[in-house]
Amino acid sequence: MYKYILLIFSFSLVACGGSSGNSNSVPAQPSSAQISSQAVSSAAKQLALVPLPAQVVEQNGVLDLKTEVSLVADSSASTATQAITGLLNLVGINVVNSATTKIRLSIVNQPDLGNEGYRLVIADDISISAQTDAGLFYAVQTLKQLLPVAKQASYQLPRVEIIDIPQYAWRGSMVDVARHFFGIEYLKKHIERMAAFKLNKLHLHLSDDQGWRMEIKKYPKLTSVGGSTQAGGGPGGFYTQDELKDLVAFAAQHNIEIIPELDMPGHVQAAIASYNELACNNVTNLGLYIGLDVGFSALCLTKPEVIYPFVKDVLTEVASVFPSQYIHIGGDEIKHVLYPEFIDKANQIIKDLNRTMIGWEEASAGKNLAPDTLLQVWNDNYDIQSATDRNIHLILSPCSYFYLDHGNYNGQPETYTWCRRQGIPLERVYSFNPQKYSLVTGIEAPVWSEVVTSEAALDNRIWPRLAAVAEIAWTNQSARNYQEFTQRMKALKPYFDGAGIQYYAEPQLGW
Ligand code: ACM
């Protein structure tokens, strides 16, 4: 039995208009700021929902949901239909045409809901409407958090109207599968968990000094040699193109886009060990690398006749596997007079593939970047103005808030401290204010895996902190409050346990 104390609250939708935090290069959507400024009611805060929805309006009483419902779903709502079917199955509710309680999933023309917003009404029936399948899918994730994880004979759902819309179009998680390799089955679990918190971009860091993880058919040694080890030694691993296509399809079923990153022109020792000619002729360090240093390897920028055909071939295969609009070129931690030229050439190759480049912040050195390029900020105080002056938008990953390889607490073993000595506790993550930046497309939290050696450790670094990231990216800044977030997260513990997440038992959540 759910015991929600809901306060009566009235609201109104305001007309669509004004600016949002969204990028010009990601489909525009109204921001939750455009929904009534009274947006987040006390009612919303009583429900154990993360991320916090934009509006919750109580209607009196509960819906007593028995173990049968009928389901009426728009035929174009394939991911939402799959999600609701899975959810009903999980809680033991059968879909029976003659059942009196209906669940409706309707695609509607309501521009103020944007590309990902939804309206969820729990009354005598459950009515969900959105402009898109993705919006309906997110409503199902909300419904999932309102239901218990264990099967019951019946379920008491609060009668409520929720209108919800994300603040940012880019709500991401990055996993470094290069320093330590993590298999497809783990990534699928991660995708399911991300989706539950309405995250929508999974950035895979697919190559680095310690390993090359994506099969490239034209250069088989990239994986047979470059994929054969990892940081600290060990077997490494790689994904075949078929496995990656399957992962992309799985992610799409969860409204998550996979963003591939092949890091260049630095961070390439695994590629050099596979094809020595990619290094300059005077380079003698041509072997595999299992250490933890950065900034020592580079494609030979003075051998354009060697490296650009390689870059083009690799990115062409990347584009054939990943349908994402964006390809991440890396571009971090290298200083060379020809570096800006490399960025411009890589950008042109990606444009010729009808895709859009993302680079880490250093790629702002490119001279010919189009405004639809995205740059990912990782140093807290990096001067990115040369990019924003050109109307280039940002993915925010400042390391002292979002580098989840740093400790959940000061002194946590096997964590990094280079960006923030005291680690990055949950409260610190949550305290980030994206409004300090302009031209923000969204938020993304990376986990670098030099010292993350197992799936259990990866879970521990990601959760619960990624839920805070999700709320920063989804919920209007003015509506967020850490104490209330911790209360809602506390109540979601059974979800984390039920999903088998090996989270860090954060004391501030009472876990
Ligand atoms: C980075 O942390 N080198 C992007």
Side-chain angles (χ1 to χ4, degrees), residues 170 172-180 182 201-213 230-231 259-271 289 291-299 326-336 339-340 342-343 346-347 357-366 369 373-384 386-387 392-407 414-421 423-424 428-429 432 437 440-452 458 461-462 465-466 469:
W170 191 287
S173 162
M174 190 212 86
V175 181
D176 172 8
V177 293
R179 270 54 175 271
H180 278 92
F182 296 94
K201 308 285 178 193
L202 174 58
H203 167 182
L204 292 180
H205 183 75
L206 287 163
S207 68
D208 213 300
D209 292 314
Q210 297 86 345
W212 185 287
R213 307 300 176 204
Q230 58 191 5
I259 312 298
E261 179 191 353
L262 284 300
D263 201 352
M264 305 172 188
H267 290 268
V268 288
Q269 191 64 26
Y289 181 70
L292 304 184
D293 287 344
V294 295
F296 60 89
S297 64
L299 299 177
Y326 296 96
I327 294 177
H328 201 309
I329 191 68
D332 54 325
E333 296 183 295
I334 175 162
K335 284 196 167 40
H336 193 285
Y339 172 77
F342 179 89
I343 293 299
N347 186 29
M357 188 182 86
I358 305 178
W360 294 104
E361 61 200 14
E362 296 96 317
S364 56
L369 301 181
T373 310
L374 294 179
L375 292 175
Q376 188 163 5
V377 173
W378 63 279
N379 279 295
D380 287 36
N381 298 316
Y382 193 82
D383 181 0
I384 199 71
S386 71
I392 289 170
H393 284 60
L394 307 178
I395 300 166
L396 302 181
S397 305
C399 59
S400 84
Y401 292 90
F402 294 141
Y403 270 28
L404 303 184
D405 43 87
H406 281 55
E414 298 186 333
T415 61
Y416 268 151
T417 53
W418 64 263
C419 182
R420 191 164 191 271
R421 196 174 35 81
I424 307 179
R428 164 87 186 171
V429 176
F432 181 72
Y437 290 79
V440 177
T441 287
I443 313 292
E444 185 177 297
V447 189
W448 301 100
S449 66
E450 288 96 324
V451 293
V452 180
L458 193 51
R461 303 303 180 270
I462 292 174
R465 291 182 290 181
L466 194 60
V469 175

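Order of listing sets the numbers, starting from 1, for every ligand and every atom in it. Please read these numbers as outputs of a predicted model, since none were measured by experiment.
- Taking any N or O of Y403, backbone or side chain, at least one lies under 3.5 Å from an N or O belonging to ligand 1.
- G211 approaches A178 most closely through the heavy-atom pair O-CB, 3.7 Å.
- In Q376, neither the side chain nor the backbone holds a heavy atom less than 4.0 Å from any atom of ligand 1.
- Of all atoms in ligand 1, listed by their number and element, those nearer than 4.0 Å to a heavy atom of E333 are 3 (N).
- Between D332 and ligand 1, at least one N/O pair is under 3.5 Å apart.
- If you look at Y416 and Y403, their ring centroids are not closer than 6.0 Å.
- Atoms of ligand 1 found under 4.0 Å from any heavy atom of W448, numbered from 1 in the order shown, are 1 (C), 2 (O), 4 (C).
- Close N/O approach between W360 and ligand 1 is not found [any backbone or side-chain N/O within under 3.5 Å].
- Judged by distance alone, the side chains of E261 and W360 do bring a donor and an acceptor atom under 3.5 Å apart.
- When all heavy atoms of T441 and L374 are compared, the pair lying nearest together is OG1-CD2, 3.6 Å.
- In summary, the side chains of W378 and E362 do present a donor paired with an acceptor at a separation below 3.5 Å, with no hydrogens or angles considered.
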